Amino acid sequence: MTNSSFTWQRGLIYTILLAFAALYLVPLYVMLTTSLKDIEEIRQGNLLALPDNPTLYAWTKAWSSACTGSECEGLAPFFWNSVRIVVPAVVISTIVGALNGYALAKWRFRGSEMLFGALLFGCFIPFQVILLPMARLLATLGLANTVTGLVLVHVIYGVAFTTLFFRNFYVSVPTELVKAAQLDGAGFFAIFRHIFLPISLPIFTVTLIWQFTQIWNDFLFGVVYSGPGTQPITVALNNLVNTSMGGKEYNVDMAAAIIAALPTLVIYVLAGKYFVRGLTAGAVKG
Amino acid sequence: MGSLSINQVTKSFGDTEVLKGINIDVQNGEFIILVGPSGCGKSTLMNMIAGLESVTSGTLEMDGRDVTHVSPKDRDIAMVFQSYALYPTMNVARNISFGLEMRGVDKAERERVVADVAALLQIDHLLDRKPSQLSGGQRQRVAMGRALARSPEVFLFDEPLSNLDAKLRVEMRTEIKKLHKRLGTTIVYVTHDQIEAMTLADRIAVMKDGILQQLGTPAEIYDDPANQFVAGFMGSPPMNFIRVDTCDGGDIEVEIGGQTHRLTLPCSPGIAASNQREVILGIRPEMITQPKPENTQGIAASMDFDVIEPMGADTMAIGEWNGQTLMARLSPEAGQCAGANTAIQLDISKCVAFDTANGDRIR
Ligand SMILES: Nc1ncnc2c1ncn2[C@@H]1O[C@H](COP(=O)(O)OP(=O)(O)OP(=O)(O)O)[C@@H](O)[C@H]1O
Ligand SMILES: [Mg+2]
C-alpha cells in the first residue's frame with residue numbers, strides 16, 4: 001500500500017519535472033530549428049516542425065554580414081569587442097576579489113567590518129543608480145566610449161560580488177592556519193599563495209562563471225558607455241534585431257541570439273559541475 | 001638564550017579586559033605550564049608571546065630584548081596549536097619544512113632537517129601523505145615536527161595532547177619530556193590535564209579570570225597553595241574544604257563522626273593573628289586514611305562513610321565533617337570494610353586554612 005502510493009507520488013514528481021524541463025527547452029528548440037530553416041519555410045508557420053532543408057545561411061549571415069544599424073558586418077566584430085571587455089574584466093575583478101576576500105576574512109583591521117558592510121551594500125545598488133555618476137567619472141578619466149572604460153565599470157561593479165564570494169569562502173578556513181604560517185615566517189602574500197590559493201579552485205570557478213555571465217550578458221552598461229567601435233555583442237544583437245531591411249529575417253535573429261548566448265552556455269557546460277560544488281562549499285557557508 | 005620575561009602584560013578586546021597584568025619570568029630552558037579554567041586567557045597569553053595578538057599594555061622581553069612590537073616571524077618562537085593547524089594542501093614533509101622554506105633555507109638542508117625530525121618523531125613513513133590521510137596522533141606528531149624543524153628559542157604548546165586518546169597521551173607526554181631533556185629549549189605549555197601539569201612542569205602558573213594566581217614548582221602549588229582557588233584547582237580528586245570554627249590560640253574545632261576534635265594546625269598562629277571566628281580548612285583526601293601505625297604523628301578518629309568508590313590503586317570514601325561533604329583516600333583493603341563508624345587517621349601536617357571572605361591563604 002505505502003509502496004504503491006510512493007511510486008504514484010514519484011510518477012507525479014517526474015511528470016511535473018519533465019513538464020517544466022520541456023517548458024524551458026521548447027524555446028531553445030524553436031530557436032535552434034528556426035535558425036536552420038530558410039525564410040520561406042518560416043513563413044509557413046510550423047513553429048515546432050523540424051527544418052525540411054537545414055541550411056547554415058542564417059548563421060553565416062548573422063556572424064558576418066547582417067546589418068547592425070548602418071554597417072553590415074554581422075556580429076563578428078562585436079563578439080570580439082565583448083571578448084576584449086569580458087576577459088580582462090573577469091580576470092581583474094576575480095583577482096581583486098580574491099585578495100579583498102582574503103584580507104577581509106583573515107586580516108581584520110580597524111574598520112574592516114564596516115568596509116565589508118559597504119561592499120555588501122554595493123551588491124544591492126541597482127545599475128541605474130550609478131549610470132550618470134559613472135558617465136561623469138569615465139569622461140573625467142578620458143575613458144568614455146572605450147573598451148578600457150567598460151572594463152573599469154565592470155571591475156568596479158563586480159568587485160563587490162567577487163569579494164563577497166571569496167570572503168565567505170575564506171572565512172571557513174581556520175585562522176590558526178594563518179597564525180601557524182605567520183610563525184613560519186610567511187607574510188601576507190606568501191600565505192595567500194601557499195595556503196589559500198591551493199584550496200580555492202571551487203570558489204574561483206564560481207566567481208569566474210558568475211562574472212563571465214554577468215559581464216557577457218550585460219546590456220545596460222554596454223549600451224550607455226560604449227562608442228561606435230566598442231559596442232559589446234548584446235548591444236549589437238539588439239541593433240541587429242531592430243534593423244529591418246525589407247522583411248524580418250527570423251532565422252538570422254535566432255542564429256544571432258544563439259551566437260550571443262553560446263559562450264555562457266559553453267562555460268556552464270565546462271565548469272558547471274564545479275559551480276554547484278563551489279556554491280555550496282563557499283557562498284552558502286559562513 | 002630563550003629566556004622570556006612577561007611584564008605587567010594586559011590585553012583587552014574592546015571593553016573586556018581578558019588579561020589583567022600578568023608577570024612571569026621564564027628562565028632559559030625552563031618548562032612552564034599554564035593552567036586555569038576555560039576562558040581565563042591562556043591561549044590569549046600564548047598568542048601574545050608569539051606575537052599573533054597585540055599587547056594592550058606591558059612589555060614582553062626575550063633574552064633581555066624588548067619584543068613587544070616585534071612581528072611573529074622575527075621572534076624565533078615555534079608554536080603547536082591545539083587544533084594542529086597543519087596546512088591541508090601540503091604533504092607532511094612540506095608541512096614540516098615550510099618554515100625553513102619561508103626563511104630561505106636551501107633545499108638540501110631542508111631535506112636533511114625533515115629527515116632528522118621525522119626520524120625523531122617516527123613519522124618517516126608518512127612524509128608523502130596529506131594531513132587528511134593521518135590519524136589524530138600522527139597529525140599531532142607532524143605539528144610537533146613543524147615546530148621542531150626550526151629549532152627556535154622558545155616553544156609554545158597550546159593543549160597539544162588534548163585531542164589524543166588516553167594511551168597515546170601518556171606516550172606523547174613522555175616523548176615531550178624526553179625532548180625537553182634533550183633539547184633544553186624553553187617551553188611554555190597550556191594544559192587542562194592535572195597529571196601533565198604535575199609531571200612535566202618545572203614551574204606551574206595558575207591563572208583565573210586573567211589574573212596570575214600563583215607561580216611555583218609543582219610541589220609548591222600542591223602543598224603550599226596561595227589561595228583557595230589554586231588549592232581546589234590542582235589535585236584530583238580535589239582538596240576538601242570544610243568551614244570550621246576557630247578557638248582561642250588559633251586552634252580549630254571540627255566535628256568528626258559525632259565527636260568534636262580540637263586540632264592545632266601548622267598555621268594556627270596565623271589563624272590566631274587573623275582574629276577570624278570561622279575559617280575554611282583545606283585537607284587533601286590523601287591526608288585522611290585508614291590508621292597507619294607507622295605514622296606516629298597521625299591523629300586517630302572515626303567517622304561514617306556513605307559512599308565508597310574503588311579506583312584501583314586507592315578507594316575514595318565519602319563522608320561528612322561538620323555536616324559538609326568530604327572525601328578520604330583509603331587503601332583498597334580498608335575501603336572494602338569502610339562504612340559506619342570506620343577508624344581513620346588524620347595527617348594534619350599539610351593542612352591549610354583560608355579566609356572565608358576572599359579565599360586568601362591564612363599562614
Ligand atoms: N578575538 C577575541 N575577541 C573578543 N574576546 C576574545 C577574543 N579571543 C578571546 N576572547 C575572550 O578572551 C577570554 C580568554 O580566551 P582564551 O582563548 O585565552 O581562553 P583560554 O584560557 O585559552 O580558554 P580554553 O582553556 O577554553 O582554551 C575568553 O573569555 C574569550 O571569550
Ligand atoms: Mg585556549
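Chain naming here is simple, since letters A, B, ... match the order of the sequence lines and numbering starts at 1 in each. None of these values were measured; they are calculated from a predicted model.
Nearest approach of A/Gly185 to B/Arg103, heavy atoms of both residues: N-NH1, 3.4 Å. For the pair A/Ala180 and B/Ala85, the tightest heavy-atom approach, listed with the atom from each and the gap, is CB-O, 4.0 Å.
For a residue to count as touching a neighbouring chain, one of its non-hydrogen atoms must lie under 4.5 Å from one of that chain's; by this rule B/Arg94 touches chain A with the side chain only. The contact between B/Thr89 and chain A is made entirely by side chain atoms (from C-beta outward), counting heavy-atom distances below 4.5 Å. Of the atoms belonging to B/Leu100, not a single heavy atom falls under 4.5 Å from chain A. Within the 4.5 angstrom heavy-atom criterion, no atom of A/Pro174 approaches chain B. If you measure heavy-atom distances from B/Asp76 to chain A, you find no contacts under 4.5 Å at all.
Taking CG of B/Asn95 as the reference point, atom CG of A/Asp184 lies at 8.5 Å (rounded to 0.5 Å). Note: A/Glu176 CD to B/Leu86 CG = 11.0 Å, rounded to the nearest 0.5 Å. In this structure, CD in A/Gln182 is found 5.5 Å from CG in B/Leu52, a value given to the nearest 0.5 Å.
Between chain B and the residues A/Val178, A/Ile199, A/Ile195, the largest count of heavy-atom pairs under 4.5 Å involves A/Ile195.
Around the CZ atom of A/Phe109, the shell of radius 6.0 Å holds more than 12 heavy atoms that belong to other residues, nucleotides or ligands. Shown here is A/Tyr14, whose OH atom has no more than 12 heavy atoms of other residues, nucleotides or ligands within 6.0 Å. Counting non-hydrogen atoms of other residues, nucleotides and ligands closer than 6.0 Å to CD of B/Glu171 gives a total above 12.
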Problem set entry | Residue pair B/Lys73, A/Leu183: steps toward the side-chain contact (heavy atoms from CB on, under 4.5 Å) verdict | CA-CA 5 Å; B/Lys73 69 173 197 292; A/Leu183 284 177; over 6 Å; no

For this session: Apply the test ring-ring contact (aromatic ring centres under 6.0 Å, His included) to residues B/Tyr87 and A/His194: give CA-CA distance (whole Å), side-chain angles for both, the deciding distance (0.1 Å), then the verdict.
Result: CA-CA 9 Å; B/Tyr87 309 127; A/His194 294 289; 9.3 Å; no

